[in-house]
Amino acid sequence: MEVLKSRLLIRPRDAAATTAFYRDTLGLAVEREFPGGTVFFLGHGSLEVSGQGDGTSSPDLVLWLQVRDLAGTLAELRAKGVEPVQDAQRMPWGLDEAWIADPDGTRIVLVEVPEGHPIRTDTR
């Protein structure tokens, strides 16, 4: 199988609130919009908010977002009223992680890869 592009689809309970969270609160760039949905740019993939969900989030689904500055990102989010579910900490595998959730409770891990970590790559 040759994968050309990937996209994670979220079916929110309240599409307007969830779209606003990803667009305005997290500041994700809109890749495209269509009747009934919005697709956000996620680096090498996309996140689509569309349709209607039943309002339950799966504890098995986690959105992993790598950021350059975890402390700065958390400060920006707190200023917008987002309190972390778990504050930033260095994990046993060497990554700095903090956890937040979207309006439906979908768990989002914010990750900073510290200097010297084997997966650190600066793509600028």
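The first residue in the sequence is number 1, and the count goes up from there.
Residue Leu63 is tested with Ile100, Leu42, Val109 for a side chain to side chain contact (heavy atoms under 4.5 Å, CB included); the sole match is Leu42.
The OG1 atom of Thr19 sits 9.5 Å away from atom CG of Asp24, with the distance rounded to the nearest 0.5 Å. Rounding to the nearest 0.5 angstrom, the gap separating the CZ atom in Phe41 from the OG atom in Ser46 is 7.5 Å. To the nearest 0.5 Å, atoms CD (Gln52) and CG (Asp14) are separated by 8.0 Å. Ser50 OG to Arg7 CZ: the interatomic distance, rounded to the nearest 0.5 Å, is 8.5 Å. The line from CD of Gln66 to NE2 of His44 is 9.0 Å long, rounded to the nearest 0.5 Å. Distance check, rounded to the nearest 0.5 Å: CG of Leu95 to CD of Gln89 gives 12.0 Å.
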message: Working note: Trp64 + Leu110, criterion side chain to side chain contact (heavy atoms under 4.5 Å, CB included); need CA distance, chi angles, decisive distance, verdict.
response: CA-CA 6 Å; Trp64 193 92; Leu110 303 174; over 6 Å; no
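Contacts classified as side chain to side chain donor-acceptor pair (under 3.5 Å) and involving residues 90-101 (residues at least two apart or in different chains) are given here: Arg90-Asp96, Trp93-Glu97. The salt bridge (Lys or Arg N to Asp or Glu O under 4.0 Å) contacts involving residues 98-117 comprise Arg13-Asp104, Glu115-Arg120, where partners must be two or more places apart or lie in separate chains.
Clustering ILVMFWY residues whenever any of their side-chain heavy atoms sit less than 4.5 angstrom apart, transitively, puts Val39 in a cluster other than the one holding Leu8. Linking Ile, Leu, Val, Met, Phe, Trp and Tyr residues whenever their side-chain heavy atoms come within less than 4.5 Å places Val49 and Val82 in a single cluster. If you chain together hydrophobic residues whose side chains sit under 4.5 Å apart, Ile108 and Leu61 fall into the same group. In the hydrophobic clustering of ILVMFWY residues, with side-chain heavy atoms under 4.5 Å counting as a link, Val111 and Val62 come out together. There is a path of hydrophobic side-chain contacts, each under 4.5 Å, that joins Leu65 to Val30.
Remark: side-chain polar atoms of Lys80 are not paired, donor with acceptor, to backbone N or O of Phe21 under 3.5 angstrom.
Scanning all heavy atoms of the two residues, the minimum distance from Glu48 to Phe34 falls at OE2-CZ, 3.5 Å. Listed here is the closest heavy atom pair of Ala15 and Gly51: CB-O, 4.5 Å. When all heavy atoms of Ala17 and Pro103 are compared, the closest pair comes out as O-CG, 3.9 Å.
Between the side chains of Arg23 and Thr38, not a single donor N or O lies within less than 3.5 Å of an accepting N or O.
Legend: residues meeting side-chain hydrogen bond (donor to acceptor under 3.5 Å, both in side chains) with Arg32, ordered by chain and number and at least two apart, are absent.
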